[in-house]
Amino acid sequence: MSSEAVFIQVGALAEGFAPHSHTLAQQDLAGTTLAFHFAEGETVQCSFNGDQTLLWGDQRVDYRATGIRPGILFIDFLDPQRPSGSVTLVCDRQQGNFTAVYGQLPDESQARLDAFSRVEQGLPLTAVNAEFRFGRLDNSDAPLPQFTDELIGMRNMYTYSPTERYEHIYLNNNFYAWQCLDGVEKGLADVDRCHYVKVAEKLYLFVWREKIIPTLGVVMIDLQEMRTDGKILGYQGSDFSSLSNFAVGAHAQILNTTHYPKA
């Protein structure tokens, strides 16, 4: 009888993903300035410096930027205004629009509230939060990005490195199922809260929020080039003292797609 797989902290997950990871190369945006005009009316100026930092308003932070397609930027950094938070910007410079994901991990007391108590209190099962805000770049009049159901029914496999491989099943507008086929989480599986935004044709922003180990995943899925790139945010260990915000990228394969008959 094999031993049962156990959930691990995000810091240990990052160590497992790191060797020979299929992440994209970092883009140097030094000298670039973007104006983010949020649909609600707020505007934030973002300037990129030569030392791999950016100014988000008047806050200087380290950032990671990649380009999964020409003209599409994935920009990620820890939120300078909120502890245990991050900001991810998906910018389509060709269309002139963007999606911003403000992620927030729970504090220790929130994370340790059990599932039964959360249900009793009318709370979501996951204590990880994600706020989506849409807008336009510079002086564009482009249409805003939209949530989508185009991934629903797909069963995909993602190979993150020679040792790490996962399967996703996109169940409905609110949930997906995952399992680790190979790697540091082999044998683990769960169903978690998720969100889908269409960025361009066959290009999606996929966000998930785990409920057992506080985890936020923000990933671009390109079903044209059959690859992904993004990040995972969580705590380094079980003492909640430090964050792990690490890059992930994978080669993608569609295993099958389920089309449900109409009721």
Side-chain angles (χ1 to χ4, degrees), residues 3-21 23 26 49 51-66 74-89 100-119 121 123-132 160-161 163-164 166 178 180 183-190 192-195 206-219 229-250:
S3 59
E4 184 175 345
V6 296
F7 283 85
I8 61 175
Q9 299 298 325
V10 172
L13 185 67
E15 292 175 3
F17 273 57
H20 310 291
S21 174
T23 53
Q26 171 122 331
N49 306 308
D51 58 354
Q52 213 60 52
T53 65
L54 60 79
L55 280 175
W56 182 243
D58 59 357
Q59 301 286 322
R60 183 185 293 268
V61 292
D62 297 327
Y63 75 93
R64 174 180 179 260
T66 58
F74 180 96
I75 303 164
D76 184 73
F77 52 92
L78 294 178
D79 192 332
Q81 298 181 327
R82 297 176 304 146
S84 306
S86 68
V87 180
T88 306
L89 306 165
V101 181
Y102 289 80
Q104 182 67 56
L105 297 178
D107 61 24
E108 183 172 358
S109 63
Q110 294 168 331
R112 294 194 185 279
L113 185 65
D114 64 84
F116 187 80
S117 298
R118 297 189 69 83
V119 170
Q121 296 176 31
L123 298 172
L125 281 180
T126 176
V128 178
N129 289 321
E131 177 190 0
F132 291 80
Y160 292 89
S161 75
T163 61
E164 308 296 316
Y166 283 74
W178 63 267
C180 179
V184 291
E185 291 188 310
K186 184 174 181 178
L188 289 179
D190 207 350
D192 281 310
R193 185 73 168 91
C194 69
H195 315 265
F206 176 62
V207 176
W208 73 90
R209 300 185 283 144
E210 298 187 23
K211 60 184 177 294
I212 296 178
I213 304 297
T215 307
L216 173 71
V218 186
V219 170
D229 191 79
K231 72 83 167 283
I232 291 175
L233 171 69
Y235 287 105
Q236 183 72 30
S238 59
D239 60 358
F240 298 86
S241 63
S242 59
L243 296 177
S244 176
N245 189 46
F246 68 98
V248 294

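Values reported hereafter were calculated over all heavy atoms of this structure, with side chains retained and with hydrogens, waters and symmetry mates removed.
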What is the minimum heavy-atom distance between [X] and [Y], and which atoms define it?
X	Y	result
Phe74	Val218	CZ-O, 3.5 Å
Pro19	Glu15	CD-O, 3.3 Å
Val61	Leu78	CG1-O, 4.0 Å
Gly85	Leu233	C-CD2, 4.5 Å
Ile212	Phe7	CD1-CZ, 3.5 Å
Arg60	Asn49	NH1-ND2, 2.8 Å

Are side-chain N/O atoms of Tyr235 and Glu108 paired as donor and acceptor at under 3.5 Å?
-> no
For the side chain of [X] and the backbone of [Y], is there at least one donor-acceptor N/O pair under 3.5 Å apart?
X	Y	answer
Thr163	Gly183	no
Gln104	Ser84	yes
Gln26	Tyr63	yes

How far does [atom1] of [X] sit from [atom2] of [Y], to the nearest 0.5 angstrom?
X	Y	atom1	atom2	answer
Leu123	Ser117	CG	OG	9.5 Å
Arg209	Asn129	CZ	CG	6.0 Å
Arg118	Gln110	CZ	CD	7.5 Å
Asp107	Arg112	CG	CZ	11.0 Å
Trp208	Trp178	CH2	CH2	10.0 Å
Gln9	Ser238	CD	OG	5.0 Å

So among Asn245, Asp229, Thr23, which one has a side chain to side chain donor-acceptor pair (under 3.5 Å) with Arg64?
-> Asp229
Contacts of type salt bridge (charged side-chain N to carboxylate O under 4.0 Å, His left out), residue Asp190, not counting sequence neighbours | Lys211
Before giving the answer on side chain to side chain contact (heavy atoms under 4.5 Å, CB included), spell out for Leu89 and Phe77 the whole-Å C-alpha distance, their side-chain angles and the decisive distance to 0.1 Å.
-> CA-CA 9 Å; Leu89 306 165; Phe77 52 92; 4.0 Å; yes
For Arg193 and Leu125, what are the C-alpha separation, side-chain angles and deciding distance, and is it a side chain to side chain contact (heavy atoms under 4.5 Å, CB included)?
-> CA-CA 9 Å; Arg193 185 73 168 91; Leu125 281 180; over 6 Å; no
Do [X] and [Y] have side chains that approach each other closer than 4.5 Å (heavy atoms only, starting at C-beta)?
X	Y	result
Thr215	Val128	no
Glu164	Val248	no
Leu105	Leu243	yes

Classify the angle between the aromatic ring planes of Tyr166 and Phe17 as parallel (below 30°), tilted (30 to 60°) or perpendicular (above 60°).
-> tilted
For Ile232 and Val10, what are the C-alpha separation, side-chain angles and deciding distance, and is it a side chain to side chain contact (heavy atoms under 4.5 Å, CB included)?
-> CA-CA 8 Å; Ile232 291 175; Val10 172; 4.2 Å; yes
When you look at Val184 and Leu13, which way does the side chain to side chain contact (heavy atoms under 4.5 Å, CB included) test go after all the steps?
-> CA-CA 7 Å; Val184 291; Leu13 185 67; 4.0 Å; yes
